[in-house]
Amino acid sequence: MKPLPEQHAELVEAAIHAAQSAGDLPAFDLSDVPVTRVKPNQSGDYASPVAMGLAKSARMKPLDIAHAIVKHLPGADFVGAVEVAGPGFINFHLAPAWLRDQIGAVIAAGAEFGRVDLGAGKRAQVEFLSANPTGPITIGRTRGAILGEGIARVLEAAGYDVEREYYFNNAGAQMRKLGESMRIRYLQAVNVPVDLPDEDDADFYQGDYLIDFARALADEVGDSWVDSDWSAFKEYAEKRIFEWIQASLERVNIRHDIFFNENQLYHNGDVERTLKRLEEKGYIYVAPVREQESDEVKALNAHLKPATWFRSTQLGDSEDRVVVKSNGDPTYTLPDIAYHIDKVERGFDLLVNVLGSDHKKEAEVVRMGLDALGYRTDHLHVVFMQMVHLRRGGEEIKMSTRKANYITLDQMIDETSADAIQYFMLHRNADSQFTFDVDLAVKQSNENPVYYIQYAYVRCAGIFREAAARGFSDDDADLTLLDDEAFDFLRKCLELPETLTYAAQTLTPHTIAHYALELANNFHPMYDRVRVFAEGVDPDVARARLRFYRAAQVAFARVLTLMGMSVPERM
RNA sequence: GCCCCCGUAGCUCAGAGGACAGAGCAGAGGUUUCCUAAACCUUGUGCCGCAGGUUCGAGUCCUGCCGGGGGCACCA
């Protein structure tokens with residue numbers, strides 16, 4: 001279904017052209033026709049303030065323009081009463097008959113309800129999580145995972161063909177440290193004396209999980225690995241951690257389509273090729289320090305081993321960036337540019353990358369790298385997210401990843417629920433910090449939006465259980481008997497297409513969470529008054545209401561699914 | 001120092017250039033012969049950080065300032 005604001009805008013545009021042809025409006029260029037939703041305390045459902053904006057170019061009073069537009073407005077099944085109000089607003093009321101038909105339309109759409117064709121025929125890729133396999137998914141990474149998956153689902157609902165990708169690096173220094181840490185834990189497990197690095201050692205992974213892995217490994221191979229070096233242990237730890245990550249993700253219904261290993265960019269020569277191409281374009285130089293440094297600094301550092309620099313200042317950067325260190329190893333930047341070239345060359349229409357806001361600079365430099373080589377980057381969007389704080393018992397919990405002072409996704413799920421995590425991780429704008437309140441997430445009351453939303457669906461399901469028990473059917477329901485309050489709720493349901501469109505365009509899945517809460521907010525008070533099986537309800541009215549609740553149920557199932565939440569029949 | 005984000009009700013936060021600024025929670029009081037009370041009803045709250053500007057119209061866009069957070073590696 002096309003969003004209603006868009007449908008109204010098309011009518012208004014047609015009306016303006018018709019009015020111009022008829023001489024009721026002068027000729028002028030028309031850009032976008034604005035249509036907004038009308039607030040509940042105003043008259044109408046949708047409104048266009050277009051007349052005010054045209055007053056200058058048409059050299060007419062807004063009210064006269066509005067009347068001219070209304071006069072030439074083409075008919076449409078969804079348009080009921082139309083009025084001009086205030087300084088020149090054109091207010092549209094949805095047609096009652098059309099509204100009644102939407103109940104059947106929503107039911108027929110089912111799981112597809114609200115779908116829009118914004119991305120029809122287009123391919124999108126969402127890269128998210130992309131954490132190196134050095135440890136389990138912590139609460140911060142969870143936000144990235146839920147956000148990425150939320151964006152992917154929104155894009156799918158907006159008609160895109162979506163691929164989910166996980167980019168990882170299992171070759172760098174961090175992985176070597178992991179292997180070393182694992183080796184130490186293994187030696188401990190087989191009772192070989194070994195110095196345990198102290199807890200401030202930045203090279204040592206403190207997590208208990210390595211102790212568990214080491215015990216398991218010792219049970220498996222005995223002490224036959226005591227002379228192995230870090231790489232064997234790295235392999236083992238990596239395998240176990242990846243299994244763990246995927247099992248955790250499975251619990252929140254996240255499955256990536258592609259796992260992209262940074263290594264392949266080295267093996268297939270992409271990294272080297274990227275460097276060469278940048279060099280050919282004159283963006284590369286080799287020197288001990290940045291070429292912008294003073295002669296004094298240069299002379300002072302002339303004896304140092306040179307590094308390879310990307311002249312990003314030519315593309316507006318504040319300083320040039322190292323792409324190959326003086327020891328010959330590339331920095332993260334170079335393979336990252338190569339990776340993005342690969343992504344762009346795979347021909348997606350939309351590329352989304354979910355990153356922590358500490359990667360802002362890096363993302364800019366990668367974009368500059370693509371610009372330098374002439375790749376398009378306008379379809380590349382990076383969604384940055386800020387940190388998650390954790391609160392339990394009214395107190396903030398401090399977390400540090402390396403020091404094993406973290407909380408894993410698994411722990412969070414066990415302590416709260418997968419549904420709570422989905423909702424809370426999604427409900428705030430990505431680029432704002434937010435605090436996950438463990439106590440609130442498990443609270444079974446109206447303080448907790450998770451249950452409030454799910455309960456709306458459960459209440460619908462309850463009605464149909466009752467109907468089945470009584471053998472009462474909604475066939476041939478006469479919807480003219482349906483209550484105004486129910487239609488108000490239906491109007492809210494019909495906002496899903498425009499909400500989805502907006503969420504997809506701005507890559508803001510939190511708007512869906514807000515919408516879901518609004519929907520529940522509109523539902524419960526109505527449910528309280530619009531009863532199906534209560535004393536004194538005429539059977540024909542009951543039939544109409546039952547039919548309506550079928551549509552309401554579809555709407556709640558849809559928003560819950562969009563948020564990755566479960567759709568419980570009972571609570 | 002440079003860059004990014006934020007500043008809206010007591011709290012947490014929505015807000016897509018349009019009409020009188022809006023949700024949830026917290027506070028106070030009430031509701032159950034009825035499909036689950038994980039619910040409902042009633043009730044108060046705003047110098048939208050400050051100052052300019054653009055606009056017919058600014059919480060929304062621009063500039064400056066103040067306050068808070070984050071980022072600015074030959075780490076990933």
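These numbers come from the heavy atoms of this one structure, side chains and all, not from hydrogens, waters or symmetry mates. Naming convention: chains lettered A, B, ... in sequence-line order (proteins, then strands); numbering from 1 in each chain.
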| said: So, does A:Asn448 get its side chain near the phosphate of B:A38, meaning an N or O under 4.0 Å from OP1 or OP2? | reply: no

| Side chain of A:Leu517: nearest nucleotide among B:A19, B:G71, B:G24? | B:G24

| message | Taking any heavy-atom pair under 4.0 Å as a contact, classify A:Asn91: base, sugar-phosphate, or nothing. | response | base

| said: Strictly by Watson-Crick or wobble contacts shorter than 3.5 Å, is anything paired with B:C35, and which nucleotide is it? | reply: none

| said: For a quick check of understanding: with a heavy-atom distance under 4.0 Å over all strands, which category does A:Gly462 fall into, base, sugar-phosphate or nothing? | reply: sugar-phosphate

| Paired with B:U42 by Watson-Crick or G-U wobble geometry, both distances under 3.5 Å: which nucleotide is it? | B:A28

| said: So A:Val35, base contact, sugar-phosphate only, or nothing? Heavy-atom distance under 4.0 Å. | reply: nothing

| request: Apply ring-ring contact (aromatic ring centres under 6.0 Å, His included) to A:His427 and A:Phe424, showing your working. | output: CA-CA 5 Å; A:His427 87 308; A:Phe424 284 107; 5.4 Å; yes

| Without hydrogens or angle criteria, can the side chains of A:Asn91 and A:Ser43 be said to hold a donor-acceptor pair below 3.5 Å? | no

| query | Donor-acceptor pair, A:Asn353 side chain versus A:Val382 backbone, under 3.5 Å? | reply | no

| So, do A:Phe259 and A:Tyr167 have ring centers that fall under 6.0 Å from each other? | no

| task | Pick base, sugar-phosphate or nothing for A:Ala467, based on heavy-atom distances below 4.0 Å to the nucleic acid. | result | nothing

| field | Any strand: nucleotide that pairs with B:U60 via Watson-Crick or wobble, under 3.5 Å | value | none

| Candidate nucleotides B:A73, B:C34, B:C13, ranked by approach to the side chain of A:Arg531 - the nearest | B:C34

| If you look at every strand shown and take non-hydrogen atoms under 4.0 Å, does A:Arg470 touch a base, only sugar-phosphate, or nothing? | nothing

| said: Considering every strand and a 4.0 Å limit on heavy-atom distances, what is the contact class for A:Ser326: base, sugar-phosphate, or nothing? | reply: base

| query | When the nearest nucleotide of RNA chain B is assigned to A:Asp528 and to A:Glu262 on a heavy-atom basis, which residue is associated with the more 5' position? | reply | A:Asp528

| message | Using a 4.0 Å heavy-atom cut-off, does A:Gln42 contact any base of the nucleic acid, only the sugar-phosphate backbone, or nothing at all? | response | base

| Pair assignment for B:G67, Watson-Crick or G-U wobble, requiring both distances under 3.5 Å | B:C6

| said: Syn or anti for B:C50? Use the chi torsion, O4'-C1'-N9-C4 for purines and O4'-C1'-N1-C2 for pyrimidines, with syn inside 90° of 0. | reply: anti

| said: Classify A:Asn521 by what it touches in the nucleic acid, base, sugar-phosphate, or nothing, heavy-atom distance under 4.0 Å. | reply: sugar-phosphate

| task | Give the nucleotide from the list B:A73, B:A14, B:A76 with an atom nearest to the side chain of A:Thr331. | result | B:A76

| request: Verify the contact: side-chain N or O of A:Lys325 to OP1 or OP2 of B:A76, cut-off strictly under 4.0 Å; return yes or no. | output: yes

| task | Would you tell me if any nitrogen or oxygen in the side chain of A:Arg290 comes within less than 4.0 Å of OP1 or OP2 on B:C74? | result | yes

| query | Are the aromatic rings of A:Phe464 and A:Tyr549 close, with centres under 6.0 Å apart? | reply | no

| said: Using a heavy-atom cut-off of 4.0 Å across all strands, would you classify A:Pro288 as base, sugar-phosphate, or nothing? | reply: base

| Looking at the side chain of A:Tyr332, which of B:A76, B:U12, B:C34 is the nearest nucleotide? | B:A76

| request: Respond yes when some side-chain nitrogen or oxygen of A:Lys361 is under 4.0 Å from OP1 or OP2 of B:G71, and no when none is. | output: no

| query | For B:G15, does OP1 or OP2 lie under 4.0 Å from any side-chain N or O of A:His510? | reply | yes

| field | Pairing partner (Watson-Crick or G-U wobble, both distances under 3.5 angstrom) of B:C47 | value | none

| request: For A:Tyr502 and B:A16, say yes or no: do the ring centres fall under 5.5 Å of each other while the ring planes differ by less than 30°? | output: yes

| task | Using only side-chain N and O atoms of A:Lys360, determine if any of them is under 4.0 Å from OP1 or OP2 of B:C5. | result | no

| request: Kindly state whether the pair A:Phe89 / B:A19 counts as stacked, where counting means centroids closer than 5.5 Å and planes tilted less than 30° apart. | output: yes

| field | A:Phe523/A:Tyr457 aromatic ring centres below 6.0 Å | value | no

| query | Looking for any heavy atom pair under 4.0 Å, which part of the strands does A:Glu518 touch: base, sugar-phosphate only, or nothing? | reply | nothing

| task | With heavy atoms under 4.0 Å as the rule, sort A:Arg459 into base, sugar-phosphate or nothing. | result | sugar-phosphate

| request: Using a cut-off of strictly less than 4.0 Å, decide whether A:Tyr452 has a side-chain nitrogen or oxygen near OP1 or OP2 of B:C40. | output: yes

| remark: The residue, A:Phe523 or A:Pro306, whose nearest nucleotide of RNA chain B is more 5′ is A:Phe523

| query | For B:C72, which nucleotide in any strand shown is its Watson-Crick or wobble partner with both distances under 3.5 Å? | reply | B:G1

| query | Just checking A:Asn429: base, sugar-phosphate only, or nothing, at a heavy-atom cut-off of under 4.0 Å? | reply | sugar-phosphate

| said: Mind checking if A:Ala307 touches a base, just sugar-phosphate, or nothing, with heavy atoms under 4.0 Å? | reply: base

| Partner nucleotide, any strand, of B:C20 [Watson-Crick/G-U, under 3.5 Å] | none

| query | Counting any heavy atom closer than 4.0 Å, what does A:Val323 reach on the DNA or RNA strands: base, sugar-phosphate only, or nothing? | reply | nothing

| request: Output the distance between atom CG (A:Asp483) and atom CG (A:Asp488), rounded to the nearest 0.5 Å. | output: 10.5 Å

| Taking the six-membered ring for Trp, are A:His524 and A:Tyr452 ring centroids under 6.0 Å apart? | yes

